[in-house]
Amino acid sequence: MASIFKRIINGEIPCYKIAEDDNCFAFLDINPLNQGHTLVVPKQEVDYIYDLDDELLSKLFLFSKKVALAIEKAIPCERIGVAVIGLEVPHAHIHLCPINGMSDLNFANPKKQFSKETFEETAAIIRANL
Ligand code: 5GP
């Protein structure tokens with residue numbers, strides 16, 4: 001059975017899409033730590049990020065850099081924090097999250113709630129900054 005992220009990539013499950021290329025796909029996290037919290041995933045379905053081959057891992061990080069710089073322009077913040085957790089969804093992914101302090105990247109924090117319209121606007125402004 002395909003992972004939830006593979007189903008998002010395939011368009012079977014909706015998402016607030018940010019960008020894609022031949023190998024990678026980026027979309028807003030549905031339970032964000034902060035507005036603009038984005039997930040970047042390889043299209044290839046591999047659970048553990050360190051099981052990706054070196055070439056794909058490099059491509060994933062370079063793609064994440066482009067997305068992170070767009071988020072930084074779109075969302076007022078001090079930096080874009082980067083995290084790899086992977087305990088919930090068995091499909092490798094990088095979290096990119098606007099932060100203003102260390103505690104903003106604490107995954108034990110309560111998740112932010114936004115309307116569909118806000119998610120759509122957030123994705124649109126990030127896309128516009130790519
Ligand atoms: P992790 O596997 O890194 O612990 O967490 C997985 C992340 O994926 C969580 O931040 C969670 O909110 C996000 N997530 C889980 N299911 C979905 C989904 O169906 N759509 C989106 N956009 N994000 C999801």
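All ligand and atom numbering here is 1-based and tracks the order in the structure.
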Electrostatic pair Lys43:Glu20 at N-O distance under 4.0 angstrom: yes
Aromatic ring proximity, centroids under 6.0 angstrom, [Y] and [X]:
X	Y	result
His93	His95	yes
Phe5	Phe25	no
Phe119	Tyr16	yes

For ligand 1, is [X] a contact, meaning one of its heavy atoms is under 4.0 Å away?
X	result
His95	yes
Gly86	yes
Phe5	yes
His37	no
Leu33	no

Specify side chain, backbone, both or neither for Val84, according to which of its non-hydrogen atoms lie closer than 4.0 Å to ligand 1. neither
Under 3.5 Å: N/O of Ile4 near N/O of ligand 1: no
Just distances here: any N/O of Phe27 and N/O of ligand 1 closer than 3.5 Å?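 In fact, backbone or side chain, Phe27 has no N or O that close.
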Relative to atom 17 (C) of ligand 1, which among Ile30, Asp29, Thr38 owns the nearest non-hydrogen atom? Ile30
Under 4.0 Å to a heavy atom of Leu39 - the qualifying atoms of ligand 1, by number: 8 (O), 13 (C), 23 (N)
Indicate the ring-plane relationship of Tyr50 and Tyr48, choosing parallel, tilted or perpendicular according to the 30° and 60° boundaries. perpendicular
For [atom], what's the nearest protein heavy atom and its distance?
atom	value
atom 20 (N) of ligand 1	Ile8 CD1, 3.6 Å
atom 6 (C) of ligand 1	His93 NE2, 3.5 Å
atom 22 (N) of ligand 1	Leu28 O, 2.9 Å
atom 15 (C) of ligand 1	Glu88 OE2, 3.4 Å

Between the main-chain N or O of Glu12 and the side-chain N or O of Asn10, is there a donor-acceptor pair closer than 3.5 Å? no
Any side-chain heavy-atom pair from Leu33 and Asp104 closer than 4.5 angstrom? no
Looking at side-chain heavy atoms only, is the closest gap between Asn23 and Gln44 below 4.5 Å? no
Against Thr122, only a single residue in Glu117, Gln35, His37 fulfils side chain to side chain donor-acceptor pair (under 3.5 Å); can you say which? Gln35
